[in-house]
Protein chains: 2
Amino acid sequence: MASITIKDIAKMCGVGVTTVSRAINNHPDISEETKTMIMKVIKENHYVPNNSARNLKRSVSKTIAVLIKGITNPFFNPMIQVFERETQRRKYSFILQRVDEKQDEIEVAIELEKEKRLKGIVFLGGYFSHSKEKLDQLTVPFVLSTIGMAEEFDLNDYSSVSVDDVKESYKIVDYLCNEGHRKIAIITAPMDDVSIGKLRYEGYRKALKHHGIEFNERLVRCMREDIDSYSMENGYEVTKELLQSGEEFTAIYAVSDSLAIGACKAIFESGRRVPEDYSVVGFDGLDISFYYNPSITTIKQPTEEIAQETIKILFDLIDKKITHAHKTFPGELVIRNSTKRLN
Amino acid sequence: MASITIKDIAKMCGVGVTTVSRAINNHPDISEETKTMIMKVIKENHYVPNNSARNLKRSVSKTIAVLIKGITNPFFNPMIQVFERETQRRKYSFILQRVDEKQDEIEVAIELEKEKRLKGIVFLGGYFSHSKEKLDQLTVPFVLSTIGMAEEFDLNDYSSVSVDDVKESYKIVDYLCNEGHRKIAIITAPMDDVSIGKLRYEGYRKALKHHGIEFNERLVRCMREDIDSYSMENGYEVTKELLQSGEEFTAIYAVSDSLAIGACKAIFESGRRVPEDYSVVGFDGLDISFYYNPSITTIKQPTEEIAQETIKILFDLIDKKITHAHKTFPGELVIRNSTKRLN
DNA sequence: TTGTACGCGTTATCAT
DNA sequence: ATGATAACGCGTACAA
């Protein structure tokens with residue numbers, strides 16, 4: 001079942017392999033008639049060039065890769081669409097590469113860069129805590145998009161696009177406080193986690209402090225590690241525990257919309273209502289936060305703009321127009337029906 | 001910035017390339033000490049083998065690919081996890097390849113098969129209407145999982161795993177009828193669409209007929225083509241139109257949970273309630289159908305089992321234990337709070 | 001146990 | 001306009 005190669009085609013056409021290659025790749029130096037003749041034979045024999053061989057030989061290729069940690073996260077959906085459209089518009093091709101939770105995204109990137117002769121890379125999601133040494137192994141430009149960064153990084157070493165998680169987080173907790181809430185529970189990432197969860201937790205602390213609300217450790221609930229992080233199920237389980245603990249509170253801040261939905265479900269099951277008994281807020285602005293009942297008050301991230309800017313920066317990097325860039329987008333506090341003002 | 005190759009490593013170590021290759025690939029014929037020495041040099045110089053070269057040279061490789069049409073569909077999430085686990089367990093590696101809505105999945109598969117020397121392929125989602133001739137270009141085993149098939153296919157030409165969409169669809173509409181509903185609207189795929197939408201529509205028609213309910217064309221609503229198919233937004237927009245049309249009905253059957261949620265939202269916005277004013281049912285059994293308020297009555301597909309069986313069949317195919325297989329799983333009618341009995 | 005040399009399928013270089 | 005041939009980086013007979 002040996003696969004048919006370019007040589008076979010060349011023989012069948014009675015031409016050299018070079019000519020066949022020219023036909024395939026739309027090279028100029030070939031007559032129209034031999035080209036159509038060759039293409040015909042190719043079609044008839046279902047010849048498909050071997051990509052490994054092409055990539056091996058090619059020195060450059062107009063392709064970029066987007067590495068996603070947590071590809072099942074609906075948050076990325078609208079971004080993927082933008083990446084697709086924008087790369088196409090620039091006549092680039094686009095590889096979407098899933099990165100496993102346990103995998104090291106940089107290692108994957110390094111490998112992929114060599115394999116596919118990438119022109120640029122976008123990292124999406126996850127947390128970033130890699131040594132500069134490791135980053136330096138990437139020889140092509142890259143952009144970190146919607147990624148929580150460890151602070152000790154030198155801003156000159158990379159590019160990034162995201163919202164200011166601390167600030168936006170502050171914003172929504174501040175809103176809750178202004179609505180009269182003082183006992184606000186939070187569902188966030190475990191404390192040893194260097195992630196957006198941590199940043200959003202920081203915003204929570206700041207807002208409480210600003211409003212002179214005493215911090216209550218028992219209102220801080222961390223996602224369970226044995227369940228998908230940031231998932232509805234996680235929010236559900238954690239909230240059930242919170243409810244059963246008997247600790248008093250009037251509002252829950254879940255650091256993602258999915259968690260918030262899980263929280264609502266737990267509240268409903270306990271016979272209570274949202275927002276009459278408890279206010280619930282989320283973060284991200286997923287579609288479902290609008291469709292849920294009640295619709296969820298949240299911080300909406302401008303995902304399309306973020307993706308757009310990510311691509312723009314990446315191509316500016318590729319075209320050497322810049323050496324690095326950092327862009328922060330504001331989130332939008334979307335007030336909906338999952339929160340109510342306390343008397 | 002020329003990348004470092006296996007030759008460079010060989011030179012630096014003062015050995016031949018073969019030895020380096022052996023060290024990398026854990027070959028037996030190499031002394032422990034030279035191996036560790038070589039690995040050390042590799043680490044120090046951040047050498048990463050070029051995958052294109054490897055794939056080109058290798059005649060076989062223990063890897064399978066899963067091609068997903070509509071990777072943003074949360075329905076696939078739990079399946080992906082199973083694929084990952086099961087392939088790992090069998091010491092295979094696993095490539096998740098997104099297929100664009102407009103792309104031809106078979107073409108992608110053919111290319112990928114050559115490029116990566118695949119051992120097998122799983123097709124996930126979408127509709128399947130490819131000629132046998134095209135299918136024959138695939139030289140490795142493949143399984144169609146949760147895919148709506150055109151009926152004219154010879155069952156001997158392929159393998160498949162899924163639920164019986166017509167039957168399950170019948171089941172849920174039958175349930176609605178038994179609850180006293182007779183004016184049941186349906187939100188489904190456009191009629192020219194050869195997909196699960198069509199199959200589920202068939203089940204709807206059968207159930208109505210069985211219950212002696214006259215078919216009302218105006219209660220058949222098709223998804224809009226300018227919006228993501230099977231999305232919440234689509235269900236939302238279509239239901240708004242339905243509501244505004246003034247056509248009377250007591251229940252909506254949306255052929256996917258996402259559509260159902262959009263339908264609920266539209267109902268809420270019109271000032272009506274679910275299930276008091278309208279019953280709503282979905283299909284698939286997504287997590288969100290449980291977490292939504294009200295929780296959605298739906299047909300739950302056994303996604304884990306489907307994925308499990310898909311992999312099992314694929315490996316049986318690879319091991320030549322079988323030549324083809326078809327497995328149909330029953331769906332589960334999950335009755336929740338979005339439906340009520342009519343007096 | 002180790003090294004040399006060839007070939008995987010393609011594209012680029014350089015003739016013709 | 002076309003063709004022969006040398007890489008691309010790696011794995012593997014085969015020889016040592």
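Quick caveat, the model's predicted, so the values are computed rather than measured. Within every chain, numbering begins at 1; the chains are lettered A, B, ... in the order of the sequence lines, protein sequences first and strands thereafter.
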Indicate every side-chain donor-acceptor pair of residues 101-111 of chain A with a distance under 3.5 Å to a residue at least two apart or in another chain.
residue   : atom : partner   : partner atom : Å
Gln103(A) : OE1  : Asp100(A) : N            : 2.7
Asp104(A) : OD1  : Ile106(A) : N            : 2.8
Asp104(A) : OD1  : Glu107(A) : N            : 3.4
Asp104(A) : OD2  : Lys134(A) : NZ           : 2.5
Glu105(A) : OE1  : Lys69(A)  : NZ           : 3.0
Glu105(A) : OE1  : His130(A) : NE2          : 3.4
Glu107(A) : OE2  : Lys134(A) : NZ           : 3.1
Glu111(A) : OE2  : Asn51(B)  : ND2          : 2.7

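- Residue Ile30(B) contributes atom CD1, which lies 14 Å from atom C1' of dT12(D) at whole-angstrom precision.
- In this structure, CG of Asp29(B) is placed 13 Å from P of dG3(C), rounded to the nearest angstrom.
- Atom CZ of Arg22(A) sits about 9.5 Å away from atom OG1 of Thr34(A), to the nearest 0.5 Å.
- Contact check, Ser31(B) against dT2(C): a side-chain N or O comes under 4.0 Å of OP1 or OP2.
- Separating the CG atom of Asn55(A) from the C1' atom of dA7(D) is a distance of 16 Å, rounded to the nearest angstrom.
- A salt bridge is defined here as a Lys NZ or Arg NE, NH1 or NH2 lying under 4.0 Å from an Asp or Glu carboxylate O, and Lys116(B) with Glu115(A) meets this definition.
- Atom NZ of Lys11(A) is separated from atom C1' of dA4(D) by 14 Å (rounded to the nearest Å).
- The neighbour count for Glu33(B) CD, taken as heavy atoms of other residues, nucleotides or ligands under 6.0 Å away, does not exceed 12.
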For nucleotides 9-16 of chain C, 5' to 3', base contacts (B), sugar-phosphate-only contacts (S) and non-contacts (-) with protein non-hydrogen atoms under 4.0 Å give BBBBBB--
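- Interatomic distance, CG of Asn45(A) versus CD of Gln137(B), reported as 10.5 Å (0.5 Å rounding).
- Rounded to whole Å, the distance from NZ on Lys35(B) to C1' on dT2(C) is 15 Å.
- Distances shown here put a side-chain N or O of Thr34(A) below 4.0 Å from the OP1 or OP2 atom of dT2(D).
- A salt bridge does not link Lys312(B) with Glu309(B): none of the charged nitrogens is closer than 4.0 Å to a carboxylate oxygen.
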